[in-house]
Amino acid sequence: MGVLFVCERLVSLRRSRRPLWPRLVVNLVTSVLALTTALLIVRPAAAAALQWSSEKPLGLVHVLHLPIAVRFVLSFLLMDLTFYWWHAANHRLPFLWRFHNVHHLDPDLDVTTAFRFHFGEVGMSAAFRVLQVCVIGVSAPAFLAYELAFQANTLFQHSNVRLPLALETALNLVLVTPRMHGVHHSQERSHTSSNYSVVFSWWDRLHRTRTPNLPPEQIVVGIPAYDAPCRQHARPGAVAAVPPAARLLAPRVAPSPLVDETVAPRGA
Ligand SMILES: [Zn+2]
Ligand SMILES: [Zn+2]
């Protein structure tokens, strides 16, 4: 992470729209809550699911009676495919979007955005991970390998490092890269509703949700309704200083986030 943080300052892909330090404060507070939730809930839940899966091999890859190596590869691929579905659901289901938009509110995109998740989303992701492990029948080695790839590529795709275009284009044939995920963080609704893949980029091609990489200067990162600097400041007492996070503590009937102000096209 430290290497990416330095590199993205030296060779930046997108020009920063806001000062770095106020963003870092918000991202740090959000990250502490997210990482605490991960330690308290995600780890024990994943360990329990892996234990259950090893004792009761009822998952998909066990039922198919495949060689261990094939099971490993299939588990890895299915973990990534199903996480694509989870990410798309976070955008399409209003309840999940109330949490996931905390990640998208960042007005700039860099490696610190990779940690900026609402703790509620982290908790729900833990439940989804349990479901993935049990239904797919993931072994502990396959789970650890996927988690490693997942975390590493999450850092990479959020970084603001400008890679040579030819290199990034080649990497993007297989992996989600900074230009590809940058499109997903655009304020344009059609862009946000695309490029959901996390590790392998081909799931978007498969589901026809791929938006081709755009020149970085055409991407405006964030969510229009929360773009004003006054809505990005840390405020004492607010949960992670992010408006939707605070709203979640006092739920109300909300219009679909896909049509309300949170992802409305610019100018709407
Ligand atoms: Zn997203
Ligand atoms: Zn992201």
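Whatever order the structure lists them in is the order used to number ligands and atoms, beginning at 1. One-based numbering along the sequence shown. Because only heavy atoms are used, hydrogens play no part in the values below, and waters and symmetry mates are left out as well, while side chains stay in.
- The shortest distance between side-chain heavy atoms of Q157 and M180 does not fall below 4.5 Å.
- A distance-only check finds a donor-acceptor pair linking the side chain of N153 to the backbone of V176 [under 3.5 Å].
- A cation-pi arrangement is not found for R98 relative to F95, the charged atom failing to lie both closer than 6.0 Å to the ring centre and inside a 45° cone about the ring normal.
- Summary: NE2 is the N/O/S atom of H181 found nearest to the Zn ion (ligand 2).
- Taking the centre of each ring, H184 and H103 stay at or above the 6.0 Å mark.
- Residue pairs meeting the side-chain hydrogen bond (donor to acceptor under 3.5 Å, both in side chains) criterion with at least one member in residues 77-86, sequence neighbours excluded: D80-Y146, D80-W203, T82-Q132, Y84-T209, W85-H207, W86-S125.
- Between H185 and H104, the ring-plane angle classifies as parallel under the 30° and 60° cut-offs.
- Of all protein N/O/S atoms, those under 2.8 Å from the Zn ion (ligand 1) are H87 NE2, H91 NE2, H100 NE2, H104 NE2, H184 NE2, and waters are not counted.
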